[in-house]
Amino acid sequence: MIYIVMGVSGSGKTTVGLKLADWLGLPFHDADDYHSPESIKKMSQGIPLADEDRIPWLEQLAGLITRWEKEGGAVLACSALKEQYRKTLQSVPHINWIYLDGSRDTILGRLQSRHAHYMGPSLLESQLEALEKPAYGIHVDVSLSPEQIVQEVIKKLKHMIPLSEFGVIGLGVMGKSLALNLADRGVSVSMYNRHVPGKEEGIAEQVINENPSVTNIKGFDQLEEFVQSLDKPRKVLLMIYAGAIDAQLETLMPLLEPGDVVIDGGNSYYKDTSRRTKLLSAQGLHFVGTGISGGEEGARKGPSIMPGGPRQGYEQVAKYLELIAAKDKNGKPCTTYIGPDGSGHFVKMVHNGIEYAEMQALAEAYSLMRYMLGMAPEEIADTFSGWQQGGLGSYLLEITIDILRKKEDGELLLDKILDQAEQKGTGGWSAAVALDYDVPYDTLSEAVMARALSAMKAERVKAAALYKSGYTPADTDRKAFVSSLKNAYQSTRIINHEIGFNLMREVSVQLDWELNFSEIARIWTNGCIIRSELMEDLAVIYKTSDGLLLSPALADSMRSWRKDFAYVVAEGLQHGFALPVLSSALNYLLGYSTADSPANLIQAQRDYFGAHTYQRKDREAGMYFHTQWKE
Ligand code: 6PG
């Protein structure tokens, strides 16, 4: 679609044209930039242009208009004073004419305040004389401010411009990638990014310019204009920092209408999501708290999407989420309705807890191979590749192999990266929730603690000197150890997933969410960070069984690996390696598979000092006893 903003010099064509182009997500062109040097000279000498000066210029523009139309449209600022000129420009079937109308005095006032332009006030008279006001198009009074003019134009254009099906707020890495993913799949998208002087300026425009082949996106830095550009009921995806959601909702909600849907696709805390769901529903709006996993590449090409909240809202956006999600091995989208309230964000939070421990387990396996067995990074990468091909395939293992091969100036980049793991909170939140619900959370909480401990770099350096500690290489059979390590690693992964799913199971029961674990595993088989072959198995196992460790098929394997598991952990600890996730997984397995534990002593101690009472093995369950321990 071509839009031509026309009017005499000084009517504000360039300012209005630029703003309109921004709103429409189209490139802007100024016809003045195409005048011949002779015409520019004439005008700067105050000599009005004649028709013979203008005709070749208009013909050139007509050619460009044909090209711009093919490229997806454009906004052109051009005086186009006479009907004959407009006919020359009309090289495509339809042009939207926007005429900036104003009194002689208003325009003269504007021209007098304009210094740098070659069109001085002296030419205005000749322009007004030449002007033949169009009897068609949109006419706007130029005494309004440029913003008001654009608002007027938008209002009038609305019935002509197709509204966008979907809106995305926040054009950071994830927001931008999701917006482009939607657009690639044929959805018209309006994008909004706030304007922060000196920091975030013209971000939406930048996205449009960087993606010239994507024609169904519009960019905004005015929230009102963004909302106006959306078809009703509006569907708005927030891709902003979790801490900024409340403030964004405060400005967005007054612009929305009952029935509109707001999706929060960031890593928000699920209790905040439940609160926001209620807040929006009181205004007739639907709030769909949605976990999205897959990083930048996932967002652009197909993430795993975990929407929760009111079903009615979900149903309005389901088709879009299914369109952009990754596909599982049967071609089904890696997204499903998770459950009510904050369940989508809750499930994503647990996903991240599992992610943290999977990453830490790989780091521990790497450290044993590198520093205990003395293997070179290349050799470790080859070993991991063998695991990747041999049934242990996962996205995190795949990227670890790449990392172990990445060189910078001939040296391993990994060796130059500071060993302080950072975190944005999701793993820690999930550990805190596990404590709230009394669910053992061994591997996942250990992974969070390991990151926290790693962050104490300065203290660690001092302590290493004080304790004269460090890794000691082991004189073990490398091949045999690596084979045991593989078994320890796969045992750890099974336990880690078991623990994560156990937390989801408990919370689902307590909050009546009716989570479907086979479906959750299925939507995690592709697109997300913890996608793996194991996840494919879980999607099947959870169809019929509640727990992994009690599944007979897995129990057989776990039993056969247990000795190797204990050997690896013991050797590693002996040689100075902290193995928080591997060792806590082993502890979990041992604790879980111990029929008679020393917890009876704990009960006795509690009763001893606090008369907390205990149950007995030799009496009916549920009966409590107290003993006077000291005579
Ligand atoms: C995902 C990730 C992502 C997470 C980053 C960073 O599923 O795509 O989990 O959501 O934000 O991995 O998390 P940390 O900074 O806490 O490591």
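One-based numbering along the sequence shown. As the structure lists them, so they are numbered: ligands from 1, and atoms in each ligand from 1.
- Side chains of Ser532 and Arg493: a donor on one and an acceptor on the other come within 3.5 Å.
- With hydrogens and angles ignored, the 3.5 Å screen pairs no side-chain donor or acceptor of Lys319 with any backbone N or O of Val317.
- Those atoms of ligand 1 with a heavy atom of Gly295 less than 4.0 angstrom away are 8 (O).
- Looking only at heavy atoms of the protein, atom 17 (O) of ligand 1 is closest to Arg451 NH1, 2.8 Å.
- Counting only distance, with no hydrogens or angles, the side chain of Ser518 and the backbone of Val540 share no donor-acceptor pair below 3.5 Å.
- Using a 4.0 Å cut-off between charged nitrogen and carboxylate oxygen, Arg405 and Asp402 do not count as a salt-bridge pair.
- Taking the six-membered ring where the residue is Trp, Tyr270 and Trp513 present perpendicular rings, their angle passing 60° and hence far from 30°.
- Contacts of Met359 with ligand 1, taken as heavy-atom pairs under 4.0 Å, are absent altogether.
- Of all protein heavy atoms, the one lying nearest to atom 15 (O) of ligand 1 is Lys424 NZ, 3.0 Å.
- Residues Gln316 and Gln312 bring no donor and acceptor atom of their side chains to less than 3.5 Å of each other.
- An N or O contact shorter than 3.5 Å links Tyr356 to ligand 1 by distance.
- Closest to atom 11 (O) of ligand 1 among all protein heavy atoms lies Asn267 ND2, 3.1 Å.
- Near Ile529, meaning under 4.0 Å from one of its heavy atoms, ligand 1 places the atoms 1 (C), 2 (C), 7 (O), 8 (O).
- One option in Met174, Glu355, His351 has a heavy atom closer to atom 12 (O) of ligand 1 than any other, and that option is Glu355.
- Distances from ligand 1 to the non-hydrogen atoms of Cys528 include no value under 4.0 Å.
- The closest protein non-hydrogen atom to atom 10 (O) of ligand 1 is Lys348 NZ, 2.7 Å.
- Of the N and O atoms on the side chains of Asn352 and Thr426, at least one donor lies less than 3.5 Å from an acceptor on the other residue.
- Of the protein's heavy atoms, Ser293 OG, 2.5 Å lies nearest to atom 7 (O) of ligand 1.
- No more than 12 heavy atoms of other residues, nucleotides or ligands shown are found within 6.0 angstrom of NZ on Lys176.
- Considering only heavy atoms from C-beta on, Thr273 stays 4.5 Å or farther from Asp341 through its side chain.
- Checking only distances, Asn352 does come within under 3.5 Å of ligand 1, N or O to N or O.
- Ligand 1 has an N or O atom lying under 3.5 Å from an N or O atom of Gly294, backbone or side chain.
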